Structure formats: C-alpha cells, structure tokens
Amino acid sequence: VDHGPVVVLPGVTTIVTLHDLRFLHGYGGWLRRLYGRRAYGRALARAAHVVAVSPSVAAEARAAWGLDAERMHVAPNAVDTAVFRPAEGGERTGVVVVSRNEPRKALGAASWAAREAGLDLDVVEGCRDDEALAARYGRARWLLAPSLLEGYDLPVAEALACATPVIASDIPAHRDLVDLGAEGLELVPPPERDGATWRWPGAARRLERAPPTNVVPPRVTWDESAACLVSLLRAAPPAGAAPRAS
C-alpha cells in the first residue's frame, strides 16, 4: 500500500505492505493526507505483520504509529537480473531519468542539471517494456534520480544492474540502497526549488567529472524478499490475536 485504501476485514488475518508514506510529508490532496494519518494507524494496529520495502520506511512507520518491532519487517524490492544486466559494447552518451512528473519526483531538476552540464537527457515516463527500459539504461553514462521522497527507488537499482552509475538525491531511501551494498551510486544534496524552476547544483557539478567504473546493484534478490513474506504468512497468528500498537 502506498496511498490507496487499507482493507482490514473482521475475522481475517491481515499482513500490510508499505511502499512509502508520502502523505506524512504533505504530498497528495488534503483528503488523502487526512485519510492516511488516521486510517493507516488503525489498520496497522490491527495487522498481524507490517512489511516495508526499506529500512527507512519501516523506521518512519514505527515512529508515526508506535508499531512494535516484532510486527515490523523489511523486505526490499529487487531487480530481474535476467533483463537488467550490463550492456554489451556500444558507446554511452548523455544521461537518463526514469520518473513520473509529480512534485516529489522533482523531474525538472534532472533537466536543469543535464542542461547545466551540456548533456542530452533521455526522459522515460511510464515505460512498461523492461527490455526497452534496460536498453535505455545501457546507453546512458548516468541515471539521474532527483526525487525528494521514495520508499524504494527501483529505477536506481535497475540502472546499477545495467552497470549505469547513478547520481541521486541524498534522501533516506537512497541511503538505504548504499547500505544494501550498492556501488556507483553517488549521493548529492537534494534539488532546490527556485520559484517555478528546479535547480540541482550538486548533480550538475558531479556530471562534469568522469563517472565511476565500479558499479554494483544492491545485494538483494527476489528470492530473499519472497522468503521473508512466506515466513510471515506461515507464522501469522490467527485473526484477532495480533497485538495492538504500543
């Protein structure tokens, strides 16, 4: 769940997964933010287990609703390495950004940084063809990840799996990826808003230098994430036995 309804049915054991908690940061309409703060807390208090996609999301949920550690778990997303893998040969030029155009994504900051550095920018929005997406990662010198808020930034992990280094905003979700073993992921101060324009000086300055040669994705697999969820399903207590939030 990221911003939709959390359904907890009477007499049913529930496990809730959290992608991000954007409404805690003022993103989305006022009704969604109000719903999120009130309804999420009630749903999470009744859930047998709560699974977050990153340590930072888990920490935020625990702080917001006082969830006990026994019911709070982390199962990071992973990358399909059969598709997202280093490109064979070919020259890498320009930079790529994979993002939706919404305020927290700060897409305009990537355009500003590429323009300041004199590099072409490939903007990818809503691509559902993984092979085509992997090819676009493989043609770029860098992926830019200017987002101000993420749960788990999957394009960053995908780009690293394609041996494409990443310049990313220094936010908790991106620090999580470094802690999970990512290399070639360089964190710079987040973008700044200048009236109607985004600026990202840290990224522009880093683009002026050569990219790193050692690029490694986060060391997490789908098998590990699935094993975590399967173990929770098997160990979940009967409905009504879940402890309340402390």
Side-chain angles (χ1 to χ4, degrees), residues 2 17-20 52-57 74-102 104-107 109-111 113-114 119-188 200 203 206-207 211-226 228:
D2 53 3
T17 64
L18 296 174
H19 176 70
D20 66 51
V53 296
S54 66
S56 59
V57 172
V74 177
N77 289 332
V79 174
D80 182 358
T81 54
V83 176
F84 297 98
R85 59 188 185 276
E88 296 181 5
E91 183 182 2
R92 290 177 177 262
T93 60
V95 293
V96 63
V97 60
V98 179
S99 178
R100 296 190 301 274
N101 190 11
E102 56 179 273
R104 70 186 177 96
K105 298 286 188 177
L107 183 57
S111 299
L119 297 172
D120 292 332
L121 176 67
D122 179 18
V123 179
V124 182
E125 292 188 69
C127 180
R128 297 186 179 276
D129 183 335
D130 284 351
E131 293 282 357
L133 181 57
R136 292 170 82 167
Y137 287 134
R139 290 194 294 267
R141 295 183 68 198
W142 289 97
L143 172 82
L144 298 182
S147 184
L148 304 177
L149 173 70
E150 292 289 342
Y152 185 97
D153 202 338
L154 190 57
V156 171
E158 291 171 344
L160 294 172
C162 294
T164 303
V166 178
I167 298 173
S169 52
D170 189 358
I171 60 174
H174 292 153
R175 290 179 221 133
D176 287 340
L177 296 177
V178 174
D179 291 342
L180 287 170
E183 297 183 37
L185 169 56
E186 305 207 6
L187 304 184
V188 299
W200 199 12
R206 183 60 189 89
L207 287 171
T213 56
N214 188 38
V215 181
V216 178
R219 295 181 176 89
V220 60
T221 69
W222 279 122
D223 285 347
E224 292 167 345
S225 295
C228 173

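The shown structure was predicted, so the numbers you read here are calculated from the model rather than taken from an experiment.
Taking every heavy atom of both residues into account, Trp142 and Leu207 meet most closely at CD1-CD2, 3.4 Å. Across every non-hydrogen atom of Leu185 and Ala168, the tightest pair is CD1-CB, 3.7 Å. Pairing each heavy atom of Ser169 with each of Leu187, the nearest pair is O-CD2, 4.0 Å. Taking both residues in full, the closest heavy atoms of Ala203 and Ala113 are given as CB-CB, 3.9 Å, listed atom of the first, atom of the second, then distance. Contact between Arg136 and Val123 at its shortest, heavy atoms only, is NH2-O, 3.5 Å. Nearest heavy-atom pair, Val220 versus Pro76, reported as atom, atom and distance to 0.1 Å: CG2-CB, 4.1 Å.
Within 6.0 Å of the CG atom in Asp120, the count of heavy atoms belonging to other residues, nucleotides or ligands does not exceed 12.
Here CG of Asp20 is found 5.0 Å from CZ of Arg104. Values are rounded to the nearest 0.5 Å.
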Identify every side-chain donor-acceptor pair in residues 148-164 under 3.5 Å, counting partners at least two apart or on other chains, and give the distances.
| from | atom 1 | to | atom 2 | distance (Å) |
| --- | --- | --- | --- | --- |
| Glu150 | OE1 | Lys105 | NZ | 3.4 |
| Glu150 | OE2 | Lys105 | NZ | 2.7 |
| Glu150 | OE2 | Ser147 | OG | 3.0 |
| Tyr152 | OH | Asn77 | O | 3.1 |
| Asp153 | OD2 | His174 | NE2 | 2.8 |
| Glu158 | OE1 | Tyr137 | OH | 2.8 |
| Thr164 | OG1 | Arg92 | NH1 | 2.7 |
| Thr164 | OG1 | Tyr137 | O | 2.7 |

Can you give me every donor-acceptor pair (side chain of residues 93-101, partner residue at least two apart or in another chain, under 3.5 Å) with its distance?
| from | atom 1 | to | atom 2 | distance (Å) |
| --- | --- | --- | --- | --- |
| Arg100 | NE | Glu102 | OE2 | 2.9 |
| Arg100 | NH2 | Glu102 | OE2 | 3.1 |

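Between Pro217 and Val79, every side-chain heavy-atom pair lies at or beyond the 4.5 Å cut-off.
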